[in-house]
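Heads up: the structure comes next, in structure tokens.
Chain A is the first sequence line, chain B the second, and so forth, proteins listed ahead of strands; every chain is numbered from 1.
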Amino acid sequence: NAGVTQTPKFQVLKTGQSMTLQCAQDMNHEYMSWYRQDPGMGLRLIHYSVGAGITDQGEVPNGYNVSRSTTEDFPLRLLSAAPSQTSVYFCASRPPRTFFCTFGSGTRLTVV
Amino acid sequence: DAKTTQPNSMESNEEEPVHLPCNHSTISGTDYIHWYRQLPSQGPEYVIHGLTSNVNNRMASLAIAEDRKSSTLILHRATLRDAAVYYCILGGSQGNLIFGKGTKLSVKP
């Protein structure tokens, strides 16, 4: 099993550009989530999904959109990138009613 | 979500036990105590969780105070590979993991 796969690993954007961070899992997990981690900080929850067709906001949702059309994929869209969105982004998934969250290896995004 | 308090950093010597404390005085009766760790340049990984009783697994032990207002993650013999940021998180199985800043553990050879 590949687990949670995030692409790309690195990305540089110009202010105002849009892009989609990809996240895919092959474990048939219903729950998926996106976090961002700024230098020296813990992870902050952006959006999450408890199943296909269901998404909800986390702690810091502004500037990001998500959709969940399949169980496997949970893309994160930056609508108009800003320097404040420079961060490392982590995607995670877990089975329902468990605590065993599996994280991807992250996408390092720089907005200039 | 109930909050946790952890020291910003701790140091340990290799092959010695490490006790990582976590205070959670506002924990509710249904909150589980989760521990995750994040190795350098990696995503977090699950370490252990518990509700009321002490728990052991191949990675660590979790000691939970009788009043559940604090807990301690125990690494029995620290290795250089255990150098990481350790996060103590409260919540149920249906909720989200809300991370604090965690404790940065340094392991000296």
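Every residue two or more places apart in sequence or in another chain was checked for a side-chain hydrogen bond (donor to acceptor under 3.5 Å, both in side chains) with A/N65, and none qualifies. The ring-ring contact (aromatic ring centres under 6.0 Å, His included) check on A/Y48 picks up nothing, with sequence neighbours excluded.
Going from atom CZ of A/F103 over to atom OH of B/Y46 covers 13.0 Å, rounded to the nearest 0.5 Å.
No chain of hydrophobic side-chain contacts below 4.5 Å, direct or via other Ile, Leu, Val, Met, Phe, Trp or Tyr residues, connects A/V66 to A/Y31. There is a path of hydrophobic side-chain contacts, each under 4.5 Å, that joins B/M59 to B/W35. Hydrophobic clustering keeps A/V4 apart from A/L109 (ILVMFWY residues linked when any side-chain heavy atoms are closer than 4.5 Å, directly or through intermediates). No single ILVMFWY cluster, assembled from side-chain heavy atoms under 4.5 Å apart, contains both B/F99 and A/Y64. Under the 4.5 Å side-chain heavy-atom criterion for grouping Ile, Leu, Val, Met, Phe, Trp and Tyr, B/V47 is connected to B/V55 within one hydrophobic cluster.
Within residues 73-82 of chain A, no residue has a heavy atom under 4.5 Å from a heavy atom of chain B. Proximity to chain B at a heavy-atom threshold of 4.5 Å picks out A/Y35, A/Q37, A/M41, A/G42, A/L43, A/L45 from residues 32-47 of chain A, in numerical order.
Heavy atoms closer than 4.5 Å to chain A are found in both the backbone and the side chain of B/L97. No part of A/Q6 comes within reach of chain B, as not one of its non-hydrogen atoms sits under 4.5 angstrom from that chain.
Side chains of B/E45 and A/F100 form no contact here, defined as non-hydrogen atoms less than 4.5 Å apart.
B/D67 CG: more than 12 foreign heavy atoms inside a 6.0 Å radius. By the 6.0 Å contact criterion, CZ on B/R68 is enclosed, its count of non-hydrogen atoms from other residues, nucleotides or ligands being greater than 12.
A side-chain donor-acceptor contact under 3.5 Å links B/Y36 to the backbone of A/C101.
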